[in-house]
2 protein chains.
Amino acid sequence: MCNVKRNPILQSLIDDNLVSDPASARGRLLKEAARLFRDKGYERTTVRDLAAAVGIQSGSLFHHFRSKEEILKAVMVETIRLNTALMQAAVSAADTPRDRLRALIRTELESINGRTGEAMAVLVYEWRSLSEPARTEILALREIYEGLWLEVLRQLRSQGDLAADPFVVRRLLTGALSWTITWYRPERGELSLDGLTEQVMTMMGLS
Amino acid sequence: MCNVKRNPILQSLIDDNLVSDPASARGRLLKEAARLFRDKGYERTTVRDLAAAVGIQSGSLFHHFRSKEEILKAVMVETIRLNTALMQAAVSAADTPRDRLRALIRTELESINGRTGEAMAVLVYEWRSLSEPARTEILALREIYEGLWLEVLRQLRSQGDLAADPFVVRRLLTGALSWTITWYRPERGELSLDGLTEQVMTMMGLS
DNA sequence: GTCTATATTTGGATAGAC
DNA sequence: GTCTATCCAAATATAGAC
C-alpha cells in the first residue's frame with residue numbers, strides 16, 4: 001500500500017484487523033478522538049468537534065460509528081490491544097526480573113507520555129463515561145495486560161527484591177505512572193523517559 | 001448551636017467561615033454535590049440531579065449558587081482548606097521525618113478513602129471541568145498543601161532515607177494515593193488504612 | 001461516503017408567584 | 001427560600017439529496 005516504515009508490532013496488529021490503520025479514515029478519526037477526549041474530556045467533546053477534526057460534517061460521522069460512545073469504546077479497545085502487544089515484547093526482551101520491571105515501567109510511561117499517550121489517558125480517565133456492557137468488555141481485555149505486571153512483580157518478590165505485596169504495588173504503580181500525564185513534559189528536556197523510569201526504580205529501592 | 005461532637009479542626013474552620021457547616025443548607029448541598037460529581041462526573045451531573053439530592057427544585061439551586069460551576073469550585077475550595085488543616089496537624093504531631101511522611105500518607109489516604117473522600121476525588125479528577133480563573137484560584141490554595149509534603153521529603157533526603165528526587169516522588173505519590181479511590185475498599189476489611197499506609201512505606205523502603 | 005437540514009432531547013439558567 | 005413554568009442554547013442523532 002505504501003512504504004512508510006512502521007513499528008512491526010503495530011503492523012502485525014493492523015494486518016490482523018485488531019487495530020485500525022492510522023492512515024485509514026477510521027484510524028484517523030480514532031486518533032483525533034483520543035486527542036479531543038484527553039484534552040476536553042469525553043462529555044465536553046461534541047460530535048461536531050470530532051467531525052471537524054477529520055474535516056467532515058457531524059452527520060457523516062454516523063456513517064462510520066453508530067454512536068458517540070462507540071467511538072470512545074473503539075479508542076479504548078484498540079489502545080489496550082496495542083499496548084498489551086508492546087508490553088509483551090518488552091518483557092520478552094529483558095533477561096532478569098529487575099530488567100523486566102524496568103521494561104514494563106518504561107513501556108507504560110512511553111505509552112502514556114508518547115505517541116499513544118492521548119489514548120492511554122482516555123483509557124484511564126474516561127472510564128465513568130462508558131456504559132456498563134462496554135465496561136465489561138474492556139475489563140476483560142485489561143486482565144491480560146495486568147497479568148504481565150503481576151507475573152514480573154511476583155518474580156521480584158520471590159527473589160527478595162520486593163517486600164510489599166505485588167498486587168498492591170501494581171495498583172500503586174498504576175496510579176503513579178498514569179498520573180504522570182498531568183505533570184510530566186518530556187519535551188522540556190529536564191527529565192528524560194529513561195530518567196523518569198530510574199526515579200521510579202530508585203523510589204522502589206531497585207535502581 | 002447544637003451538641004454534636006465534631007473534629008475540633010473542622011469546627012474551628014467552620015467558626016472562621018472557611019468551610020460550610022455540614023448541617024447547613026449550603027453544607028448539605030456541597031456534600032451531595034461531591035458525591036454526585038464523583039459517581040457520575042461533573043458533566044454528567046445535572047442541576048436537576050443536584051437539586052433532587054437535597055430535596056428542592058432545580059430553579060431553587062440558583063438562589064444559593066450563581067452557576068453549576070460555582071458549586072464545583074466551592075466543593076474544591078472547602079476540601080483543600082479542610083485537608084490542609086488536617087495535614088498540618090498530622091505533621092506537627094509526629095517527631096521524625098519518617099513518622100511525618102507516614103502521617104502525611106495516612107492522612108491523605110484517609111481523606112481520599114474516608115469521610116471527605118468524595119470531595120477529594122472530585123478535586124483530583126474534575127480539574128478539566130474548571131474554567132481558567134477558577135483553576136488559578138484553586139492552584140494557589142493547593143501550593144500550601146504541596147509545600148507540606150516537599151518539606152518532609154527534603155528532610156528524609158537530607159538524612160539519607162530517600163534516594164530519589166523529592167519533587168518527583170511527591171508527584172508519583174500523588175498519583176499512587178489518589179488512584180486508591182478506584183480500587184481500595186476499606187469496608188471489605190482485607191486491608192486497613194494503616195496496612196495500606198505500611199505497604200506504601202514498604203514499597204519506598206521505609207517501613 | 002459526504003452533504004444539508006432538521007427532528008428531538010437535554011440541560012443550564014431565569015421570571016415571577018407564593 | 002422554594003415553587004412552577006419556561007426560555008434558550010447546545011448537542012445527539014436522523015433523513016434524504018447528491
Side-chain angles (χ1 to χ4, degrees), chain A residues 1 17 20-76 122 126-135, chain B residues 1 17 20-76 122 126-135:
Chain A
M1 180 59 96
N17 265 324
S20 310
D21 189 327
S24 71
R26 180 185 162 96
R28 271 183 300 119
L29 178 88
L30 291 181
K31 187 177 152 63
E32 291 301 318
R35 189 179 55 78
L36 285 164
F37 291 163
R38 184 199 56 175
D39 290 349
K40 312 175 56 169
Y42 173 77
E43 295 290 341
R44 296 169 80 93
T45 302
T46 69
V47 291
R48 287 176 180 81
D49 292 334
L50 292 166
V54 291
I56 58 176
Q57 297 299 311
S58 69
S60 308
L61 258 195
F62 294 87
H63 179 78
H64 301 280
F65 295 89
R66 263 198 294 263
S67 69
K68 184 184 166 192
E69 196 203 359
E70 201 178 83
I71 298 175
L72 175 63
K73 193 176 118 185
V75 167
M76 292 185 171
V122 170
E126 297 297 341
W127 187 251
R128 275 177 318 193
S129 299
L130 276 186
S131 65
E132 193 48 55
R135 277 188 206 187
Chain B
M1 180 57 96
N17 266 324
S20 310
D21 189 328
S24 70
R26 180 185 161 97
R28 271 182 300 118
L29 178 87
L30 291 181
K31 186 178 154 60
E32 291 301 317
R35 189 179 56 77
L36 284 164
F37 290 163
R38 183 199 55 174
D39 290 349
K40 312 176 53 167
Y42 172 78
E43 296 289 340
R44 295 169 80 94
T45 303
T46 69
V47 292
R48 289 172 177 84
D49 292 333
L50 292 166
V54 291
I56 58 175
Q57 297 300 311
S58 68
S60 308
L61 258 195
F62 294 88
H63 179 78
H64 301 280
F65 294 89
R66 262 197 295 262
S67 68
K68 183 185 166 192
E69 195 202 359
E70 201 178 82
I71 298 175
L72 176 62
K73 193 176 119 186
V75 168
M76 291 185 171
V122 171
E126 296 298 341
W127 186 250
R128 276 179 315 193
S129 299
L130 276 184
S131 66
E132 193 50 53
R135 279 188 205 187

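Each chain gets a letter, A, B and so on, in the order its sequence line appears, and its residues count up from 1.
For H63(B), no side-chain nitrogen or oxygen approaches OP1 or OP2 of dT2(D) to under 4.0 Å. Taking 4.0 angstrom as the limit, S60(B) places a side-chain polar atom (N or O) nearer than this to OP1 or OP2 of dC3(D). When the side-chain nitrogen and oxygen atoms of H64(A) are compared with OP1 and OP2 of dT2(C), one or more of them lie within a distance under 4.0 Å.
Map R66(A) and R44(A) each onto its nearest nucleotide of DNA chain D; the residue landing nearer the 5' end is R44(A). Both R48(A) and F62(B) sit near DNA chain C, but only R48(A) has its closest nucleotide nearer the 5' end.
Summarising the geometry, the separation between CD on E70(A) and C1' on dT12(D) is reported as 14 Å, rounded to the nearest angstrom. Taking atom CG of residue L61(B) and atom P of nucleotide dT2(D), one finds them 10 Å apart after rounding to whole Å. Whole-Å rounding puts the F65(B) CZ to dG12(C) C1' distance at 16 Å. One interatomic measurement links the two molecules: CD of E43(A) to P of dA11(D), which rounds to 11 Å at whole-angstrom precision. One atom, NZ of K68(A), and another, C1' of dT8(C), lie 17 Å apart when rounded to the nearest Å. Protein atom OH of Y42(B) is 13 Å distant from nucleotide atom P of dG11(C), rounded to whole Å. Distance CG (L72(A)) to C1' (dT12(D)): 15 Å, rounded to an integer number of Å. Atom C1' of nucleotide dT2(D) and atom CG of L29(B) are separated by 14 Å, given to the nearest angstrom.
Picking from dT4(D), dC3(C), dA13(D) the nucleotide with the shortest atom distance to the side chain of Q57(B) gives dT4(D). With dA13(D), dA13(C), dG1(D) as the candidates, the nucleotide lying closest to the side chain of S67(B) is dA13(C).
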Assess whether side chain to side chain contact (heavy atoms under 4.5 Å, CB included) is satisfied between K40(B) and D49(B), documenting all intermediate values.
CA-CA 10 Å; K40(B) 312 176 53 167; D49(B) 292 333; 2.9 Å; yes

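Remark: the backbone N or O of L72(B) is not paired with any side-chain donor or acceptor of E126(B) at under 3.5 angstrom. The closest donor-acceptor contact from the side chain of K68(A) to the backbone of T45(A) lies under 3.5 Å.
For the residue pair P22(A) and R28(A), the shortest heavy atom distance occurs at O-CG, 3.2 Å.
Taking the charged nitrogens against the carboxylate oxygens, R35(A) and E32(A) do have a contact shorter than 4.0 Å, which makes a salt bridge.
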